[in-house]
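Remember, it's 1-based here, ligands and their atoms both numbered in the order they're listed. Please read these numbers as outputs of a predicted model, since none were measured by experiment.
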Amino acid sequence: MLEPIWEPLTSYRSYPPAQMTERAQSFHAELRRRRTVRDFDSRPVPRDVIETCLLAAGTAPSGANLQPWHFAVIESPAAKKRIRIAAEAEEQAFYSGRAPKEWLEALAPLGTDADKPFLEEAPLLIAIFAQKSGTRPDGRTVKHYYVPESVGIATGFLIAALHDAGLATLTHTPSPMGFLNEICARPAWEKPTILLVVGYPKAKCRVPHHGGLRKKLEEISSWV
Ligand code: IYR
């Protein structure tokens, strides 16, 4: 059993109320500008920026702080092509029969279809894997806890970090996406959760109005 080792909390900062308001507003203003993009330029993105954003994602809280995630960054054109072919095969099946009518109705205002050129055109794809278990520094296997929650939080941090750095993203979820394990050389027990498409929007990029609609504060929250 590992014993806790306590240390002083030195990284926390507090702000006077006016500054709290200002910071909360500016963070909201920053995040509300984010839009999901499906039309990517092929311009490469700086590797150091991606690595720093991955470090930011890795600061996310997780069950027992076991950090049950792996981020596979795909830049190879050959790998991207394989992913596009595999994903489009699943999407064809989805759009032409597998998806229930209600699902297709919900997607209609977003204008999505089975063609996924962005999987080849975007400079980077980040396949996010969830690990049911991991290895401790001493080599012992350890079970992970709250895995979907932890990986979801880390993914949110990553999207926010990439946006803040001036990069656009698309949370793409071909289903099923087991083909990512082989292409990314990840073990079968890791579960791909999201394929994040990363890059710059094309100069004439358009986004669907529906995708930018936000529910009101009263709809998304309540005070008890
Ligand atoms: N995976 C498909 C369908 C799709 C599903 C949802 I839920 C979306 O928000 C968007 C698309 C596709 O990528 O087209």
(message) Please determine whether the number of non-hydrogen atoms from other residues, nucleotides or ligands lying under 6.0 Å from atom CZ of Arg206 exceeds 12.
(response)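 It does not: Arg206 CZ has 12 such atoms or fewer within range.
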(message) Around atom CD of Glu182, are there more than 12 heavy atoms from other residues, nucleotides or ligands closer than 6.0 Å?
(response) no
(message) Distance alone, cut at 3.5 Å: any donor-acceptor contact between the side chains of Ser42 and Tyr200?
(response) no
Could you list, one pair per line, each nitrogen or oxygen of ligand 1 together with any protein nitrogen or oxygen closer than 3.5 Å, giving atom names and the distance rounded to 0.1 Å?
residue: ligand 1; atom: 1 (N); partner: Glu91; partner atom: OE1; Å: 3.4
residue: ligand 1; atom: 1 (N); partner: Glu91; partner atom: OE2; Å: 3.0
residue: ligand 1; atom: 1 (N); partner: Thr173; partner atom: O; Å: 3.3
residue: ligand 1; atom: 13 (O); partner: Glu91; partner atom: OE2; Å: 3.3
residue: ligand 1; atom: 13 (O); partner: Lys116; partner atom: NZ; Å: 3.2
residue: ligand 1; atom: 13 (O); partner: His172; partner atom: ND1; Å: 3.2
residue: ligand 1; atom: 14 (O); partner: Tyr95; partner atom: OH; Å: 2.5
residue: ligand 1; atom: 14 (O); partner: Lys116; partner atom: NZ; Å: 2.5

(request) Please name all residues satisfying side-chain contact (heavy atoms from CB on, under 4.5 Å) with Ile220, sequence neighbours left out, ordered by chain then number. (result) Lys215
(message) Under the rule for side-chain hydrogen bond (donor to acceptor under 3.5 Å, both in side chains), what residues qualify as partners of Thr155, not counting sequence neighbours?
(response) none
(request) Not counting sequence neighbours, which residues clear salt bridge (charged side-chain N to carboxylate O under 4.0 Å, His left out) with Arg47? List them please. (result)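 Applying salt bridge (charged side-chain N to carboxylate O under 4.0 Å, His left out) to Arg47 gives Glu51.
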